[in-house]
Amino acid sequence: MLFSRHCRTILENICTIRYLSTKVVLDPPSIGDVYRTNVRIGRLTREGRMELARKLFDEMPTRDVVSWNAIMTGYWKNGFLGESKKLFDSMPLRNVVSWNSMIAACIESGSIDAAFLYFSQMPERNTASWNVMIAGFIRYRMIEKAVKLFEEMPRRNVISYTAMIDGYAQVGEILKARQLFESMPGRNEVSWTVMISAYVEAAKFDEARELFRRMPYKNVVSVTAMITGYCKEGNMEDARVLFEQIQRRDDVSYNAMITGYSQNGRGEEALRLLVDMISRRLRPDQYTLVSILAACSNLASLTQGKQTHALVFKYRLHTHVSVANALITMYSKCGSLLDSQSAFEHICTPNIISWNTIIAAFAQHGLYEKALYFFNKIDSLGLEPDGITFLSLLSACGHAGMVKESLYWFESMKTIYKVEPRCEHYACLIDILGRSGRVEYAYKMIQEMPSEADLGVWGALLAGCRSSLNIELAELAAQEIMKLDPRNSGAYVMLSNIYAASGLWRNVTKVRRLMKENDAKKQTAFSWMEIGDTVHYFVGGDASHLAIDEIHALIIQLYSQMKAMENIT
DNA sequence: CGAGAGCCAT
């Protein structure tokens with residue numbers, strides 16, 4: 001600043017001299033004018049006001065390389081890559097920043113190869129050039145190439161190291177990330193935050209906490225990263241303490257906290273925090289509303305869901321696909337399938353998640369035919385079904401009780417669609433087989449699995465043994481679950497229920513004792529429903545609801561009706 | 001004028 005003011009004074013003196021001697025009426029443009037205009041162009045581009053920035057640029061009597069760089073960078077940052085490339089090609093002079101910006105533009109637009117071509121061709125590089133390229137390779141998960149550049153580069157700074165740490169973390173190489181973090185010459189708050197986030201992502205919460213504690217200076221970003229860690233751990237109390245400690249909470253820290261409440265089944269608190277956020281004049285964005293809609297889904301509260309839908313319009317977020325997808329789920333989980341379908345149909349360009357979501361919605365409501373109809377339409381926009389698509393489709397088969405179809409789709413996903421089934425698919429299929437009494441066959445499938453069966457797979461088998469009272473397989477499945485997770489109360493409860501249903505009371509006692517020994521506590525299940533503006537809660541064994549007698553009578557009636565239908569089919 | 005960090009949907 002001091003420098004430019006100094007220059008300006010000298011220049012003004014020169015201009016004055018010229019003015020006196022040649023009687024030029026207009027001031028010639030000074031370096032200060034160019035500098036000031038460059039700053040203004042930069043600001044306008046960051047605000048997205050490209051037309052105005054361009055006008056300013058066009059009207060400049062003299063431009064320097066910074067002016068060109070500013071307008072060129074502005075174009076690609078606002079999504080006009082073509083313009084940006086045109087400007088780069090027509091620039092009268094380029095410096096290293098022009099090249100760096102062009103490389104970044106290519107990376108942003110998805111062409112890493114073009115980026116590397118520019119990188120290779122540029123006349124000289126500085127550290128930022130290498131850093132841009134490394135970050136580009138990392139974004140495309142080309143970690144080896146990033147490592148190669150990192151090792152080749154003549155000088156590394158804190159940004160190079162931090163980018164590389166993030167790269168290792170993104171591909172799950174958390175140890176290498178930590179090694180680099182320990183070996184780097186100087187760390188700043190970004191480096192610390194990247195490392196903390198890496199541990200949070202890897203669910204290594206103790207390490208994250210330890211680093212956070214040791215971190216010398218914390219800012220809102222690092223604290224938010226740690227909040228996310230606490231939330232993922234389910235420790236909402238410590239998350240809230242940290243959140244309250246932030247001096248200047250911003251939208252992202254609110255979003256992290258709201259998401260935490262939503263994902264930990266504390267929807268009311270998520271909604272309260274949204275109100276708090278708005279009252280503090282922070283503007284909810286797509287992240288906020290996606291999480292709030294998820295909270296409404298979990299609360300199964302159509303009233304809150306509709307109000308949130310109104311907020312979506314108020315904040316003009318209905319154009320975001322992620323928000324629309326969250327709306328589909330919300331309406332489905334709140335029981336309004338028509339609104340769910342309508343939310344889907346209002347999306348201009350549904351992505352694969354949108355399709356998966358609407359299929360899952362029909363699946364949850366047992367509408368196999370509709371799920372299949374939407375499945376068949378997926379490729380119409382050049383999209384391909386993925387693992388989750390088939391999970392939704394299989395779950396549709398399950399909820400509609402279609403065993404043959406589920407086996408068909410399970411095979412087709414491998415052979416026709418080239419999607420490898422994972423544990424979740426097996427668990428879903430085994431659940432279907434189990435419900436139809438085919439536990440032996442289900443067990444055969446588990447044995448043929450290419451990978452090790454997980455908790456969900458064995459849990460599905462164990463649950464299936466309940467209806468067919470297959471003690472042998474039930475014990476086997478329960479053992480596997482206890483091996484994987486000794487404190488999993490579900491397995492003990494299920495097994496003990498199966499023993500009880502078979503009259504093996506001695507074994508029931510044994511399982512109960514085992515459960516106590518392994519410190520597996522059964523947590524009380526409860527459900528609730530919203531009628532009008534009242535929420536009705538139901539806890540197992542609790543008869544305090546005002547209309548409990550009527551409810552029991554209705555359940556008995558429904559049960560006999562279902563039994564009657566079972567006999568027909 | 002260019003490089004690294006926190007929050008979202010099946």
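By convention in this document, chain letters (A, B, ...) are assigned in the order of the sequence lines, proteins followed by strands, and residues within each chain are numbered from 1.
The residue A/V66 sits close to a base: some heavy atom pair falls under 4.0 Å. Residue-level contact check: A/D251 touches neither bases nor backbone, having no heavy atom under 4.0 Å from any strand. Nucleic acid contact class of A/S392 (heavy atoms, under 4.0 Å, all strands): none. Using a 4.0 Å heavy-atom distance criterion, A/D386 is classed as making no nucleic acid contact. Counting non-hydrogen atoms under 4.0 angstrom, A/S98 reaches nothing in the nucleic acid. Base engagement by A/T193 is indicated by at least one non-hydrogen atom pair under 4.0 Å involving a base atom. Looking at heavy-atom distances under 4.0 Å, A/R43 makes no contact with the nucleic acid at all. Among the protein residues, A/N38 comes within range of no part of the nucleic acid, since none of its heavy atoms lies under 4.0 Å from any strand. Among the protein residues, A/V200 comes within range of no part of the nucleic acid, since none of its heavy atoms lies under 4.0 Å from any strand. The residue A/K333 sits apart from the nucleic acid: no heavy atom pair falls under 4.0 Å. A/V223 comes within 4.0 angstrom of nothing in the nucleic acid, heavy atoms only. Among the atoms of the strands shown, only primed sugar atoms or phosphate atoms (P, OP1, OP2) are found under 4.0 Å from some heavy atom of A/Q263.
Under a cutoff of 6.0 Å and an axis angle of 45°, A/R94 and A/W99 form a cation-pi pair. In this structure, A/K377 satisfies the cation-pi test against A/F374, with its NZ or CZ atom closer than 6.0 Å to the six-membered ring centre and inside 45 degrees of the ring normal. Stacking of A/R283 on the aromatic ring of A/Y315 is not recorded, the 6.0 Å distance cut-off and the 45° axial limit not both being met. Figure legend: A/K232 and A/F205 shown without cation-pi pairing, the cationic atom not lying both under 6.0 angstrom from the six-membered ring centre and within 45 degrees of its axis.
Of the N and O atoms on the side chains of A/S322 and A/N325, not one donor lies less than 3.5 Å from an acceptor on the other residue.
Note: A/W409 and A/F390 have tilted aromatic rings, judged against thresholds of 30 and 60 degrees for the angle between ring planes.
Nucleotides of DNA chain B with any atom under 4.0 Å from a heavy atom of chain A span, from 5' to 3', B/dC1 to B/dT10.
A salt bridge links A/R209 with A/E233: the distance from a Lys NZ or Arg NE/NH1/NH2 to an Asp or Glu carboxylate oxygen falls below 4.0 Å.
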